[in-house]
Amino acid sequence: MAQEKKAEPAALSEQEKKEKALEHAKKGQEFLKQKYWKDAAAEFEKAVELQPNHSVLHYLLGVSYLENSEASKGWVEFRKAVLLDQTNQRAAKDFMRIWSFFDRKGLLNVGTPEVEVLKVLGKPDQQRDQNGESQMIYGFMWINFRNGRLFALVDTRGLTPELTRAVNTMEFQLDPWWKEGYRIMTATNALTEYVAAEETVQNYQQLFSTQRLFKLGEQFSARVMMNRMKATLEKTHQIEDWKVIQDGDNDILFEWRVAKTERTPAQHEISRLVKGKRDMHRLAYVSRKTPLSEEARAQWIKTMQSAKLVVAHVEEAKLTPAQKKELEDQLTIKSREIITLQLQHIRDQDVKAMKPYFTERVRNLITADLLKQAKQQADSATPEELVHSVEVSETGDQIQAKIKMKNGRTLTTLVPVNGKWEADTIWFK
């Protein structure tokens, strides 16, 4: 007689899977209490196989792996847990504990190569690529890259699409040796920190920050916001000095100094708060080189005062005649300031300092030979001759600004790029 075929085991119903998963989870929790990490992991693996969309089971599996010195496996499970349920507070806490470790090491600073992030964090949960930009998703954290280097972090917990787009932004000018060190957006604010070329946000002597505090412009005046910041600071630091430099209900410039503590060094901060249409905008310069010299203090006060609150995404906005005139006047003043700096860079033959003022389309055309040829022009030209006026024009969804010289000719054309204006043609020869 032919051998009878063994009957296939009947597939478990969803209810049966839940019950079996619960049995394995209970065993796993007992092993966790007894610190039998490997046995706990084995039970939670079985539970997760039965209930793959259960956030708590992935979290407990991650804890088991972590305690069993399998950190990379634990990291993956914590990510799965928070992806399935962002309200899983225990999973979010342990996820952020690991994320913060990488952050403190500088892995998540602006400019870190994409390949280095991949090597340390492992394969992302999701990845998107488009037009030279990419996005890697780990749990609820997004990492955005441009041209293969880290550009920004986004903590998506509670972040709505409305808040990701600024209504206003602060326009300011820093010396060329400052670099972007860190950029992050959360449900409460968008922050960019700048450091000196040789420093990092983890280890700095000077730091410049620009911050957009979501919806606080609708709730408080700048003066009230300053007082709230002071009250918060007083809880953790000994304030040695607090002084308002330029008072105003909706635009206030102030400075403060705090003493050294066991955890933080002494520092001097000069800050400006400006109430926007929706958000509160903050600029801050911090120096750990104390005391701050009077010359440096005066220069930073000037930098803060010269910053302007402007319409964000001006390239998409339809300007009224009054707004257009105001923008033209602002760009005329700002362009003269920038041309003054550029003339000095040409005299100094500083190629690196010149490039950021121009679009990527023409940036690589700026060479040492080109600056050498332009030196005579820089010695004889004045900002007032080169920048007589600015003409703003809109075509469809595009906006541009032509810088007109005193003789009526166009010096160069400015286009908005990521919130700032860049020259799209090289004006010197």
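The chain is numbered in sequence order, starting from 1. All values below come from the heavy atoms of this structure, side chains included, with hydrogens, waters and symmetry mates left out. Only a predicted model underlies this, so the values are computations on that prediction, with no experimental measurement involved.
- Residues Gln305 and Gln246 have side chains that bring a donor and an acceptor to within less than 3.5 angstrom of each other.
- Within the 4.5 Å cutoff, side-chain heavy atoms of Leu343 are placed close to those of Leu386.
- Side chain to side chain, Glu295 and Ser293 fail the donor-acceptor criterion of an N or O pair below 3.5 Å.
- The environment of Lys352 atom NZ is sparse: at most 12 non-hydrogen atoms of other residues, nucleotides or ligands sit within 6.0 angstrom.
- Taking 4.5 Å as the limit, every side-chain heavy atom of Leu414 sits out of range of all side-chain heavy atoms of Val390.
- Around the NZ atom of Lys404, the shell of radius 6.0 Å holds more than 12 heavy atoms that belong to other residues, nucleotides or ligands.
- Two residues are said to be in side-chain contact when any heavy atoms from C-beta on lie closer than 4.5 Å; Val117 and Phe145 meet this criterion.
- Going from atom CH2 of Trp256 over to atom CD1 of Ile270 covers 11.0 Å, rounded to the nearest 0.5 Å.
- Checked by atom type and distance alone, the side chain of Asn407 pairs as donor or acceptor with a backbone atom of Arg409 at under 3.5 Å.
- Of the charged side-chain nitrogens involved, at least one lies within less than 4.0 Å of a carboxylate oxygen, so that Glu133 and Arg146 count as a salt-bridged pair.
- By the neighbour-count criterion of 12 heavy atoms within 6.0 Å, atom CZ of Arg90 is sparsely surrounded, having that number or fewer from other residues, nucleotides or ligands.
- For the salt bridge (Lys or Arg N to Asp or Glu O under 4.0 Å) test with Glu269, the passing option among Arg257, Arg282, Lys243, Arg288 is Arg282; the others fail.
- With rounding to the nearest 0.5 Å, the separation of OH in Tyr59 from CG in Asp94 is 4.0 Å.
- Annotation for Phe358 and Ile426: closest pair CE2-CA, 4.0 Å, computed over non-hydrogen atoms.
- Note that the CG atom of Leu153 and the OG1 atom of Thr186 stand 11.0 Å from one another [nearest 0.5 Å].
- Using a 4.5 Å cut-off on side-chain heavy atoms (C-beta onward), Leu292 and Tyr285 make contact.
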**OP:** Please lay out, stage by stage, how Met354 and Gln342 fare under the test side chain to side chain contact (heavy atoms under 4.5 Å, CB included).
**Re:** CA-CA 6 Å; Met354 284 293 284; Gln342 290 183 9; 3.8 Å; yes
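- Looking only at side-chain heavy atoms (C-beta outward), Trp142 and Met185 stay at 4.5 Å or farther from each other.
- Distance alone, capped at 3.5 Å, places no donor-acceptor pair between the Ser100 side chain and the Asp103 backbone.
- In this structure a side-chain-to-backbone donor-acceptor pair under 3.5 Å is present from His58 to Pro52.
- Thr164 places a side-chain N or O within donor-acceptor distance of the main-chain N or O of Pro161, the cut-off being under 3.5 Å.
- A pairwise comparison of heavy atoms in Glu240 and Ala259 identifies OE2-CB, 3.4 Å as the closest pair.
- Distance CG/Leu84 to CZ/Arg79: 12.5 Å, rounded to 0.5 Å.
- A salt bridge links Lys334 with Glu337: the closest approach of a Lys/Arg side-chain nitrogen to an acidic carboxylate oxygen falls below 4.0 angstrom.
- Gln29 places a side-chain heavy atom less than 4.5 Å from the side chain of Phe44.
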Original post:
side chain to side chain contact (heavy atoms under 4.5 Å, CB included) between Thr169 and Val310: does it pass, once the steps are laid out?
Top reply: CA-CA 6 Å; Thr169 187; Val310 298; 3.6 Å; yes
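- Closest non-hydrogen pair, Arg157 versus Ala187, comes out as O-CB, 3.2 Å.
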**OP:** Apply side chain to side chain contact (heavy atoms under 4.5 Å, CB included) to Ile399 and Leu327, showing your working.
**Re:** CA-CA 12 Å; Ile399 187 171; Leu327 179 60; 4.3 Å; yes
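- A distance of 6.0 Å or more separates the ring centres of Tyr194 and Trp178.
- Judged by distance alone, with hydrogens and angles left aside, the side-chain atoms of Gln323 form a donor-acceptor pair with the main-chain N or O of Thr320 at under 3.5 Å.
- A donor-acceptor pair is defined here as one N or O able to donate and one able to accept, closer than 3.5 Å; such a pair exists between the side chain of Thr156 and the backbone of Phe140.
- In summary, Glu77 and Lys80 engage in a salt bridge, as defined by a charged side-chain N under 4.0 Å from a carboxylate O.
- Aromatic ring centres of Tyr65 and Trp37: separated by at least 6.0 Å.
- Side-chain N or O atoms of Trp177 include none that pairs as donor or acceptor with a backbone N or O of Ala196 at under 3.5 Å.
- For the atom pair CD of Gln211 and CD of Glu193, the computed distance is 8.5 Å after rounding to the nearest 0.5 Å.
- Looking only at atom types and distance, the side chain of Trp300 has no donor-acceptor partner in the side chain of Glu255 under 3.5 Å away.
- Of all heavy-atom pairs spanning Met226 and Trp242, the tightest one is CG-CZ2, 3.7 Å.
- Arg212 places no side-chain N or O within 3.5 Å of a backbone atom of Ala190 that could act as its donor or acceptor partner.
- A donor-acceptor pair shorter than 3.5 Å cannot be found between the side chains of Asp424 and Thr413.
- Heavy atoms of other residues, nucleotides or ligands lying less than 6.0 angstrom from CD of Gln376 number 12 at most.
- In this structure, Gln349 places its CD atom where more than 12 heavy-atom neighbours from other residues, nucleotides or ligands lie under 6.0 Å away.
- Counting only distance, with no hydrogens or angles, the side chain of Arg272 and the backbone of Leu283 share no donor-acceptor pair below 3.5 Å.
- With a 4.5 Å cut-off on side-chain heavy atoms, Trp99 and Leu108 count as touching.
- The shortest non-hydrogen separation linking Pro113 to Arg149 is CG-NH1, 3.4 Å.
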**OP:** Take Met170 and Lys308 through the side chain to side chain contact (heavy atoms under 4.5 Å, CB included) test and state the conclusion after the steps.
**Re:** CA-CA 6 Å; Met170 290 297 289; Lys308 293 180 175 65; over 6 Å; no
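- At distances below 3.5 Å, not a single donor-acceptor pair connects side-chain atoms of Arg228 with backbone N or O atoms of Phe220.
- Taking each heavy atom of Ala21 and Leu57 in turn, the nearest pair found is CB-CD1, 4.5 Å.
- Atom-to-atom distance recorded for Gln135:CD and Ile137:CD1 is 5.0 Å, nearest 0.5 angstrom.
- Between Val195 and Tyr182, the closest side-chain pair of non-hydrogen atoms is not below 4.5 Å.
- Counted by atom type alone, Thr412 and Thr425 present one or more donor-acceptor pairs between their side chains at under 3.5 Å.
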